[in-house]
Amino acid sequence: MAVADDRERPQQRATPSEGSLLEVYVTAGCLGCVRARELVAHLRRTRPGAAAETIDLDWLPPEARPAGLVGTPTYRLGGRVRWLGNPSTEELLAAWDEEVG
């Protein structure tokens with residue numbers, strides 16, 4: 001599954017509401033996490049100002065991990081788990097657009 005063309009025009013979106021944050025949990029040995037990092041980068045390019053962060057669990061103490069985190073990559077949007085594994089580029093952008101309204 002390829003990331004959409006980098007020449008796609010960035011869309012101007014409203015500033016995310018409080019709590020509208022995309023958190024993507026990854027680890028170094030996870031092949032799917034390479035794709036997750038690419039998806040976060042694509043979101044940032046096409047949605048300037050997107051509140052998105054990649055959180056490397058290898059550097060996070062176990063007690064600081066969110067409850068219920070069972071694997072990587074895990075995507076939380078607006079404080080709730082949206083995907084276990086990678087969504088398509090289109091799914092991610094549509095969910096982000098819906099979240100920020």
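The two residues Thr54 and Arg37 come nearest to each other via the heavy atoms CG2-NH1, 3.7 Å. Shown here for Ala95 and Trp83, the closest heavy-atom pair between the two residues is CB-CH2, 3.4 Å. Leu39 and Pro87 make their closest contact through CD1-O, 3.5 Å (heavy atoms, listed as atom of the first residue, atom of the second, distance). The two residues Ala52 and Leu21 come nearest to each other via the heavy atoms N-CD1, 4.0 Å. The minimum heavy-atom distance linking Cys33 with Pro73 is given by the pair SG-N, 3.9 Å.
Arg76 CZ to Glu53 CD: the interatomic distance, rounded to the nearest 0.5 Å, is 10.0 Å. Separating the CG atom in Leu77 from the CD atom in Glu98 is a distance of 9.0 Å, to the nearest 0.5 Å.
Side-chain contact between Leu22 and Leu92 is present, with heavy atoms from C-beta onward closer than 4.5 Å. Residues Leu43 and Leu93 form a side-chain contact, since some pair of their non-hydrogen atoms from C-beta on lies under 4.5 Å apart. No side-chain heavy atom of Val24 sits less than 4.5 Å from a side-chain heavy atom of Ile55. Within the 4.5 Å cutoff, side-chain heavy atoms of Asp97 are placed close to those of Arg47. Looking only at side-chain heavy atoms (C-beta outward), Leu69 and Leu57 come within less than 4.5 Å of each other. Residues Tyr75 and Asn86 form a side-chain contact, since some pair of their non-hydrogen atoms from C-beta on lies under 4.5 Å apart.
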Show your reasoning for whether side-chain contact (heavy atoms from CB on, under 4.5 Å) applies to Arg82 and Arg80. CA-CA 6 Å; Arg82 289 294 297 262; Arg80 64 186 173 93; 3.5 Å; yes
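Clustering ILVMFWY residues whenever any of their side-chain heavy atoms sit less than 4.5 angstrom apart, transitively, puts Val26 in a cluster other than the one holding Leu31.
Side-chain atoms of Asp56 and Tyr25 include no donor-acceptor pair closer than 3.5 Å.
Counting only distance, with no hydrogens or angles, the side chain of Asp58 and the backbone of Thr27 share no donor-acceptor pair below 3.5 Å.
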